[in-house]
K.L.:
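One structure, pasted below without further comment.
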Amino acid sequence: MSENKKVRVRFAPSPTGGLHLGGVRTVLFNYLFARQQGGDFILRIEDTDQSRYVDGAEQYIFDCLEWCGLIPDESAKVGGPFAPYRQSERKSTYRQYAEQLVQDGYAYYAFDSTSELEAQRSQFPNFRYGHENRHLLNNSLNLSAAEVASRLQQNIPHVIRIKIPVDDTVTFTDLIRGEVSFDTNLVDDKVLLKADGMPTYHLAVVVDDYLMKISHAFRGEEWLPSAPIHILLWEYLGWKADMPKWVHLPLILKPEGNGKLSKRDGDRLGFPVYAMNWTDPKSGDITRGFREMGFLPEAFINMLALLGWNDGTEQEIFTMDELIAKFSIDRVSRSGAKFDFEKAKWFNHEYIKKADTASLKPQILSILKEKQIEIADNYYLDKVIAIVKDRLTFLQDFWEQSSFFFQQPVEYDLNSVKPKWSDVKTDFFNSLIGIFAGLQNASSAELEAQFKKLAEEKAIKVGEVMLPFRIMLVGGKFGPAVFDIAQLIGLQETTKRIETALKAFTG
RNA sequence: GGCCCGUUCGUCUAGGGGUGAGGACGUUAGAUUUUCAUUCUAGAAACAGGGGUUCGAUUCCCCUACGGGCUACCA
């Protein structure tokens, strides 16, 4: 085994729909490991199942990776020394290896039709195509050489199956789980090459990982049970010395109840499961993604990295560079992790708080554009972002938290003011307007001082007029410090709002 | 059913033969914010069970239970 061979890892999705959280985490771990080891990160499209192929899914995967900042070094998009990177375009290369396995006695042709297999399965509850029954079935192990040749000649539909050995044990080391063993008597003679000439996943991964010189194979734990097939294949093909190290990642589970996290859970529980919005080309249904929900990619990545990995310290916020430096396979946990959306929100909140206004601006501008707000003064917008940033869990919260900086309140929380309203208060605010008229470029502290002074003169408790003032400017009981708001929107606008609100309060 | 993997607060996890079992999210209470959020302080909250091994097990071994995955000409 060439211990020092160059690190080359791959993410190998099938283009069948949205890109799941767990998928992105697998990409992330691949990417971190490759960057840290000075290796290559490859994206290979596993589109061997034509019936499941979904238009647009491949482009979508590229878009997701780009949003996350996890750009592959080699892919169907940028090419590379081992092109093509789409399995459907590599179709011709698989057959020869399957034939070679048949030649060497490690695989065989099987002519059983789908309905024949179904019949077997319904007759025998635990039917398994394997050593116990392969000599009774319709395959080249039982048919004469002449018969097999003739069927092949006539193009009679057939598959190639691996011939799993009897009474043997396949043992291998998984970098996360340690040593894992399987009794070969319990492993099926899986199909390697389908009737349509396409390889199944089992053949395709092994062939491509070998051809693409993959050094470490990261994949979800759901693949663990089929690992013995792949290991046998590496052996039978004569490539055992080049077999990658196996890294089976723990699964991401539903937050409540049992099972693997699925798109449906997101719909049901109200959080995204896909990285970005996914539109089903057939139904037109849109499944919401983390990006559109208002997640910052850095927060999304950070959250994912900590789902099943930690550096052993109490640090939770990591930049991509820190993750690259600190990632290690042996600190990945063995057990599945239930996805906690609350924690995901916390990460996002932290990232928005520490983000500088400039980096938030492009997205804020597009939110404002949706609301038909034209921004004439960039400086003003910067101030607004700076003042409300800390209150945002999602970028989408921006409008809700700051609309009053761009327009007069649409409605007032009258229940909080009207019952306690009095002429004294009306008088107070009218006087306030007068005072503001004489001021210019006042700081918020100055406004506050004037406000309090007036209250004292009018013998009103500051608290009595504070809340009404806020509601006049904002519409409700929320938002940043009132005088900061007044100062920012300007005295003229403040006065205007007092006047409008006064009518609403006294009407 | 069979096989494989797993099991520390509600959740993500640290730890590891002798610990007050640590942190974070969430949660509760209080302070600050004359609003709300932020922030701060404090609190509640966990080693699945049973056998071993050991002077001593949450930690090592075995069994059980529970959870998960796989069991397609899908990946």
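Below, read A as the first sequence line, B as the second, and so on, with proteins coming before strands; counting in each chain starts at 1. Keep in mind the model is a prediction, meaning the values are calculated, not measured.
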K.L.:
Rounded to the nearest angstrom, tell me the gap between atom CZ in Phe271(A) and atom C1' in U11(B).
P.N.:
12 Å
K.L.:
Under the side-chain hydrogen bond (donor to acceptor under 3.5 Å, both in side chains) test, which residues partner Ser444(A), sequence neighbours left out?
P.N.:
Asp484(A)
K.L.:
Nearest whole Å is fine: how far is U35(B) P from Asp413(A) CG?
P.N.:
15 Å
K.L.:
Would you measure the distance from the C1' atom in G6(B) across to the matching atom in U39(B) and give it in whole Å?
P.N.:
39 Å
K.L.:
Which whole number of Å gives the distance between the P atom of A48(B) and that of U7(B)?
P.N.:
9 Å
K.L.:
May I ask you to evaluate whether Lys353(A) reaches the phosphate of U39(B), defined as a side-chain N or O under 4.0 Å from OP1 or OP2?
P.N.:
yes
K.L.:
Between C12(B) atom C1' and Phe347(A) atom CZ, what is the distance in whole Å?
P.N.:
9 Å
K.L.:
Is His349(A) touching bases, backbone alone, or none of the nucleic acid, heavy atoms closer than 4.0 Å?
P.N.:
sugar-phosphate
K.L.:
Is there a side-chain contact between Ser333(A) and the phosphate of U13(B), meaning an N or O under 4.0 Å from OP1 or OP2?
P.N.:
yes
K.L.:
Write down the distance between OH (Tyr129(A)) and P (C3(B)), rounded to a whole number of angstrom.
P.N.:
24 Å
K.L.:
Asp340(A) has an atom CG; how far is it from atom P of C9(B), in whole Å?
P.N.:
14 Å
K.L.:
How close or far is atom P of U39(B) from atom NZ of Lys389(A), stated in whole angstroms?
P.N.:
13 Å
K.L.:
So what's A46(B) paired with, Watson-Crick or G-U wobble, going by both distances under 3.5 Å?
P.N.:
none
K.L.:
Return no unless some side-chain N or O of Asn126(A) is found under 4.0 Å from OP1 or OP2 of G2(B).
P.N.:
no
K.L.:
Taking everything shown except Arg151(A) itself, do over 12 heavy atoms lie less than 6.0 Å from its CZ?
P.N.:
yes
K.L.:
Measure centre to centre between the rings of Phe429(A) and Phe505(A), then say whether the value is under 6.0 Å.
P.N.:
no
K.L.:
If we take the C1' atom in both G15(B) and A57(B), what is their distance in whole Å?
P.N.:
15 Å
K.L.:
Students often get this wrong, so: under 4.0 angstrom with heavy atoms, is Gly220(A) touching a base, only sugar-phosphate, or nothing?
P.N.:
nothing
K.L.:
For G26(B), what is the paired nucleotide under Watson-Crick or G-U wobble rules, both distances under 3.5 Å?
P.N.:
none
K.L.:
Roughly how many Å is it from CD1 in Ile485(A) to P in U33(B), rounded to a whole number?
P.N.:
17 Å
K.L.:
Considering only side-chain heavy atoms of Arg177(A), which listed nucleotide, C25(B), G6(B), U11(B), is closest?
P.N.:
G6(B)
K.L.:
Students often get this wrong, so: under 4.0 angstrom with heavy atoms, is Thr16(A) touching a base, only sugar-phosphate, or nothing?
P.N.:
nothing
K.L.:
Quick one: salt bridge (charged side-chain N to carboxylate O under 4.0 Å, His left out) partners of Lys91(A), sequence neighbours excluded?
P.N.:
none
K.L.:
Using the C1' atom in both, what is the distance from G50(B) to C66(B), to the nearest Å?
P.N.:
14 Å
K.L.:
Take the protein atom CG of Asn348(A) and the nucleotide atom P of U38(B), then report the distance between them rounded to whole Å.
P.N.:
15 Å
K.L.:
Within the 4.0 Å heavy-atom criterion, would you say Arg331(A) contacts the bases, only the backbone, or no part of the nucleic acid?
P.N.:
sugar-phosphate
K.L.:
Considering only atom P, compute the distance from C60(B) to G26(B) and round it to an integer number of Å.
P.N.:
32 Å
K.L.:
Among G2(B), U11(B), C36(B), which nucleotide sits nearest the side chain of Leu186(A)?
P.N.:
G2(B)
K.L.:
I need the minimum non-hydrogen distance between His248(A) and Ile176(A), along with the two atoms involved.
P.N.:
O-CD1, 3.6 Å
K.L.:
Consider the side chain of Asp390(A), meaning its heavy atoms from C-beta on, and name the nucleotide among U13(B), U38(B), C5(B) that approaches it most closely.
P.N.:
U38(B)
K.L.:
Which listed nucleotide (G10(B), C4(B), A24(B)) is nearest to the side chain of Trp346(A)?
P.N.:
A24(B)
K.L.:
Select from Gly476(A) and Leu224(A) the residue whose nearest nucleotide in RNA chain B is closer to the 5' end of that strand.
P.N.:
Leu224(A)
K.L.:
Taking A44(B) as the reference, what is the distance to C25(B) when you measure between their C1' atoms (whole Å, please)?
P.N.:
15 Å
K.L.:
Base, sugar-phosphate alone, or nothing: which one does Val205(A) contact when heavy atoms must sit under 4.0 Å apart?
P.N.:
nothing
K.L.:
How does protein contact run along nucleotides 70-75 of chain B, one letter per nucleotide 5' to 3', with B for base contact, S for sugar-phosphate only, - for none, heavy atoms under 4.0 Å?
P.N.:
SSSBBB
K.L.:
If you count every heavy atom of other residues, nucleotides or ligands that lies below 6.0 Å from Glu411(A) atom CD, does the total exceed 12?
P.N.:
no
K.L.:
Output all residues satisfying side-chain hydrogen bond (donor to acceptor under 3.5 Å, both in side chains) with Ser122(A), sequence neighbours left out; order by chain, then residue number.
P.N.:
none
K.L.:
What is the base-pairing partner of U54(B), counting Watson-Crick and G-U wobble geometry with both distances under 3.5 Å?
P.N.:
none
K.L.:
Taking pairing as Watson-Crick or G-U wobble with both contacts under 3.5 Å, can you name the mate of G6(B), or confirm there isn't one?
P.N.:
C66(B)
K.L.:
Less than 3.5 Å apart, which donor and acceptor atoms pair up between the side chains of residues 453-476 of chain A and the rest of the protein, not counting sequence neighbours?
P.N.:
{"residue": "Lys458(A)", "atom": "NZ", "partner": "Asp427(A)", "partner atom": "OD2", "Å": "3.1"}
{"residue": "Lys458(A)", "atom": "NZ", "partner": "Ser431(A)", "partner atom": "OG", "Å": "3.2"}
{"residue": "Arg470(A)", "atom": "NH1", "partner": "Phe478(A)", "partner atom": "O", "Å": "2.5"}
{"residue": "Arg470(A)", "atom": "NH1", "partner": "Gly479(A)", "partner atom": "O", "Å": "3.4"}
{"residue": "Arg470(A)", "atom": "NH1", "partner": "Pro480(A)", "partner atom": "O", "Å": "3.2"}
{"residue": "Arg470(A)", "atom": "NH2", "partner": "Pro480(A)", "partner atom": "O", "Å": "2.8"}

K.L.:
Can you name the side-chain hydrogen bond (donor to acceptor under 3.5 Å, both in side chains) partners of Tyr85(A), sequence neighbours left out?
P.N.:
Glu74(A)
K.L.:
When the aromatic ring centroids of Phe394(A) and Phe295(A) are compared, is their separation below 6.0 Å?
P.N.:
yes
K.L.:
Please state the C1' separation for the pair U58(B) and A46(B) - nearest whole angstrom.
P.N.:
10 Å
K.L.:
Quick one: on RNA chain B, does Leu251(A) or Ala344(A) contact a more 5' nucleotide (nearest heavy atom)?
P.N.:
Ala344(A)
K.L.:
Could you let me know what C36(B) is paired to, Watson-Crick or G-U wobble, both distances under 3.5 Å, or none if it's on its own?
P.N.:
none
K.L.:
If you measure from the P atom in G22(B) to the same atom in C9(B), how many Å do you get, rounded?
P.N.:
14 Å
